[in-house]
Amino acid sequence: SITAMVFASFSLAFLCLAKDKAAGWVLANSYRGLLFGDGDGFNNLGMDIDEENYMNNNGTLTAFLVMGSLFFNIILLNLIIAVYGNEYNKVAGETPSLFLHGRASGCVMYIMSCNMLPWLGFRFNSALKLAAAACFSVGAYLHLRGTDEDGHERYTALLIAASQILLQAALVQCEWFSIEGVAANKKDHFLWVCHRENTDYLDSYHEPLPIGHFEERIDETHRYIDERIMSLEEKLDAILDQLTGAGAA
């Protein structure tokens, strides 16, 4: 949006300075010059360095073109690089997690795409598997017995593809799950999630790690380990004191 506003501002300035030119011609040259650094666009907007046409350049138009090209090619370009660099630093520490999340999402979407037929019982599921086996057998027979002239290869490909689709649909089907969110047996299902009571350190540990902060994370890890060791030593000393007192009594 910022780029569009700046481009519109400079384009309006060019239109006002080049009143004798067509509006479409000025906008086209502004687009070519400011966004792509095209030489013809610069030449047409007052930056023609040819010896014969140099004296015909409009000084005010040239000054605005210099400011516009400086703003687009340096300020906006560096601003875009800074924004993308900042966003990259934010997610750089989450790269392994994002990769695993994307791969798991792709696997789930592929498996769910095979769930084309609703669950109608174990007999229907077995019939799908038998139909898949029959299609594959017929396709293999046609491939072994037929020739290209007979046109059997088309039917072979269709039968093998049908067997694969039917087998995948049969393997994905189950009684307790449905892609619509309601199980075929109409029973309620629950997902139990267990976690530690104290997750403060784990939450901070799994936060995205900005580039250049590895030493800070290492120091935090060392401090955490030292605290845990000291706590363990105190507990051991307390247990030993109790045992010594019990033995003396």
Side-chain angles (χ1 to χ4, degrees), residues 1-4 35 80-211 213-214 217:
S1 60
I2 297 177
T3 304
L35 297 183
I80 293 173
I81 293 174
V83 170
Y84 278 98
N86 186 36
E87 293 299 322
Y88 173 79
N89 292 335
K90 288 182 180 179
V91 301
E94 298 181 351
T95 301
S97 300
L98 293 175
F99 169 75
L100 295 176
H101 180 270
R103 185 169 65 177
S105 177
C107 294
V108 170
M109 293 301 296
Y110 174 75
I111 294 175
M112 291 296 98
S113 64
C114 299
N115 191 3
M116 298 176 295
L117 301 174
W119 174 264
L120 299 178
F122 291 99
R123 293 184 178 180
F124 181 74
N125 186 266
S126 301
L128 288 178
K129 295 179 181 179
L130 292 176
C135 290
F136 180 81
S137 300
V138 175
Y141 175 80
L142 292 177
H143 176 70
L144 295 174
R145 296 294 183 181
T147 60
D148 294 339
E149 297 178 356
D150 299 333
H152 290 167
E153 295 299 330
R154 303 176 186 174
Y155 302 108
T156 300
L158 292 175
L159 288 171
I160 293 178
S163 66
Q164 180 180 359
I165 294 173
L166 291 175
L167 182 61
Q168 290 176 342
L171 293 176
V172 170
Q173 281 186 336
C174 60
E175 183 182 7
W176 55 270
F177 175 78
S178 175
I179 195 172
E180 287 79 12
V182 180
N185 54 16
K186 305 300 180 180
K187 294 182 179 179
D188 295 332
H189 298 274
F190 302 93
L191 176 64
W192 297 93
V193 180
C194 301
H195 61 85
R196 292 177 54 180
E197 180 180 1
N198 183 12
T199 59
D200 296 337
Y201 172 75
L202 294 177
D203 293 339
S204 62
Y205 184 79
H206 290 292
E207 291 180 355
L209 182 62
I211 296 177
H213 292 71
F214 296 103
R217 177 56 56 84

Practice item. Let me see the working for Asn125 and Trp119 under side-chain contact (heavy atoms from CB on, under 4.5 Å), right down to the final yes or no. Key: CA-CA 8 Å; Asn125 186 266; Trp119 174 264; 4.0 Å; yes
Exercise for review: Drop me the distance from Ile165's CD1 to Ile160's CD1, to the nearest 0.5 angstrom.
Suggested key: 12.5 Å
Study note, to complete from the structure: Scanning both residues in full, the closest heavy-atom pair of Ala131 with Leu166 reads CB-CD1, 4.0 Å
Study note, to complete from the structure: Correct closest heavy-atom pair for Ser163 and Phe136 would be CB-N, 3.7 Å
Check your understanding: Looking only at atom types and distance, does a side-chain atom of Asn86 sit under 3.5 Å from a main-chain N or O of Ala82, one as donor and one as acceptor?
Key -> no
Practice item. Please check if the side chain of Asn115 supplies one atom and the backbone of Val172 the other of a donor-acceptor pair under 3.5 Å. Key: no
Exercise for review: Write out all pairs satisfying side-chain hydrogen bond (donor to acceptor under 3.5 Å, both in side chains) with one or both partners inside residues 101-110, taking only residues at least two apart or from two chains.
Suggested key: Tyr110-Gln168
Review point. Do any N or O atoms from the side chain of Gln173 and from the backbone of Leu117 form a donor-acceptor pair under 3.5 angstrom?
Key: yes
Check your understanding: Where is the tightest heavy-atom contact between Leu167 and Ala132, given as atom of each residue plus distance?
Key -> N-CB, 3.7 Å
